[in-house]
Amino acid sequence: MDAAYDRSRQPARFVSALGLSPGQRVADVGAGQGYFTQRLAEAVGPTGQVVATDIDDEALQRLRARVLGRKNIEVRKVAPDAPGLEAGTYDLILLSEVDHFFGDRVDYLTRLRPALTPQGRIAVTHLRAMRPPLVAAAQSAGYAIVSEYNDLPAHYLLFLQPAVSP
């Protein structure tokens, strides 16, 4: 990756803002070549697990080569409309610059819900201009914004959890 992209994304600041702890299980949905995957794996440590998913064979091949030998990273190919994540397993699901590729954001977010642990969160980051459609879809899918991190140069970072019924 190039230095300008790193300045824009602020990877160390971003991963710190996720508030991950050793031993947690994280899904990096739409991981591509894994810009955040290894950083997430470092944050959850050797007792944690990162499952990196994507639909693109070439990106997955490059990612597999980058993470070869990392025991706490699993790379998976998934279908475009199916997250491919186990139920009740993930403390955090990261959607980094990927939600605009979903055929139906509301449907995809709804399909992610079963994969979360009871206290699990979905972290969504994208360019600020992409925030409104994500927020609308999240609300329609029954999520609440539980927090937001605004200290990134060009990106938003929202944390979503399923809304609790009154």
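Residue Gly19 comes nearest to Arg121 through the heavy atom pair O-NH2, 4.3 Å, listed as atom of the first residue, atom of the second, then distance. Contact record, Ala115 with Ile93: CB-CD1, 4.1 Å, taken as the closest heavy-atom pair. Pairing each heavy atom of Phe159 with each of Ala17, the nearest pair is CZ-O, 3.4 Å. Contact record, Val15 with Ala43: CG1-CB, 3.9 Å, taken as the closest heavy-atom pair. Residue Val75 comes nearest to Arg64 through the heavy atom pair O-NH2, 3.6 Å, listed as atom of the first residue, atom of the second, then distance. Across all their heavy atoms, Ala141 and Arg113 have their closest contact at O-NH2, 2.5 Å.
With a 4.5 Å cut-off on side-chain heavy atoms, Tyr156 and Val124 count as touching. Side-chain contact between Val44 and Arg25 is absent, with no heavy-atom pair separated by less than 4.5 Å. Residues Leu63 and Asp54 form no side-chain contact, since every pair of their non-hydrogen atoms from C-beta on lies 4.5 Å or further apart. The closest side-chain heavy-atom distance from Leu94 to Phe14 is below 4.5 Å. Contact of the Leu157 side chain with the Leu18 side chain is registered, since non-hydrogen atoms from C-beta on lie closer than 4.5 Å. The closest side-chain heavy-atom distance from Asp99 to Leu109 is not below 4.5 Å. Using a 4.5 Å heavy-atom threshold, the side chains of Pro83 and Val78 count as separate. Leu160 places a side-chain heavy atom less than 4.5 Å from the side chain of Ile145.
Of the possible polar contacts, none joining the Gln38 side chain to the Val67 backbone as a donor-acceptor pair under 3.5 Å is found. The backbone N or O of Asp151 lies less than 3.5 Å from a partner atom in the side chain of Arg13, making a donor-acceptor pair. Of the possible donor and acceptor atoms, one in the side chain of Thr89 sits under 3.5 Å from a partner among the backbone N and O of Ala87. Thr110 contributes a side-chain N or O that, together with a main-chain N or O of Val106, makes up a donor-acceptor pair within less than 3.5 Å.
Rounded to the nearest 0.5 Å, atoms NZ (Lys71) and CD (Gln49) are 11.5 Å apart. Residue Thr117 holds its OG1 atom at 8.0 Å from CD of Gln24, rounded to the nearest 0.5 Å. To the nearest 0.5 Å, atoms CZ (Arg62) and CG (Asp56) are separated by 8.5 Å. How far OG1 of Thr37 is from CZ of Arg66: 7.5 Å, rounded to the nearest 0.5 Å. Separating the CG atom in Leu116 from the CD1 atom in Ile122 is a distance of 5.0 Å, to the nearest 0.5 Å. Rounding to the nearest 0.5 Å gives a distance of 5.5 Å between CD of Glu42 and CZ of Arg70.
The aromatic rings of His100 and His126 sit perpendicular, their planes meeting at an angle over 60°, well past the 30° parallel limit.
Between His155 and Glu97, the side chains place a donor N or O and an acceptor N or O closer than 3.5 Å (distance only, hydrogens not considered). Looking only at atom types and distance, the side chain of Tyr35 has no donor-acceptor partner in the side chain of Asp28 under 3.5 Å away.
Residues meeting the side chain to side chain contact (heavy atoms under 4.5 Å, CB included) test with Val98, sequence neighbours left out: Leu95, Phe101, Phe102. Glu86 is linked by a side chain to side chain donor-acceptor pair (under 3.5 Å) to Arg76, Tyr90, counting only residues two or more places apart in sequence or in another chain.
Two different hydrophobic clusters hold Tyr108 and Ile55 under the rule that ILVMFWY side chains link at heavy-atom gaps under 4.5 Å.
Within the structure, side chain to side chain donor-acceptor pair (under 3.5 Å) contacts touching residues 139-148 (residues at least two apart or in different chains) are Arg131-Glu148.
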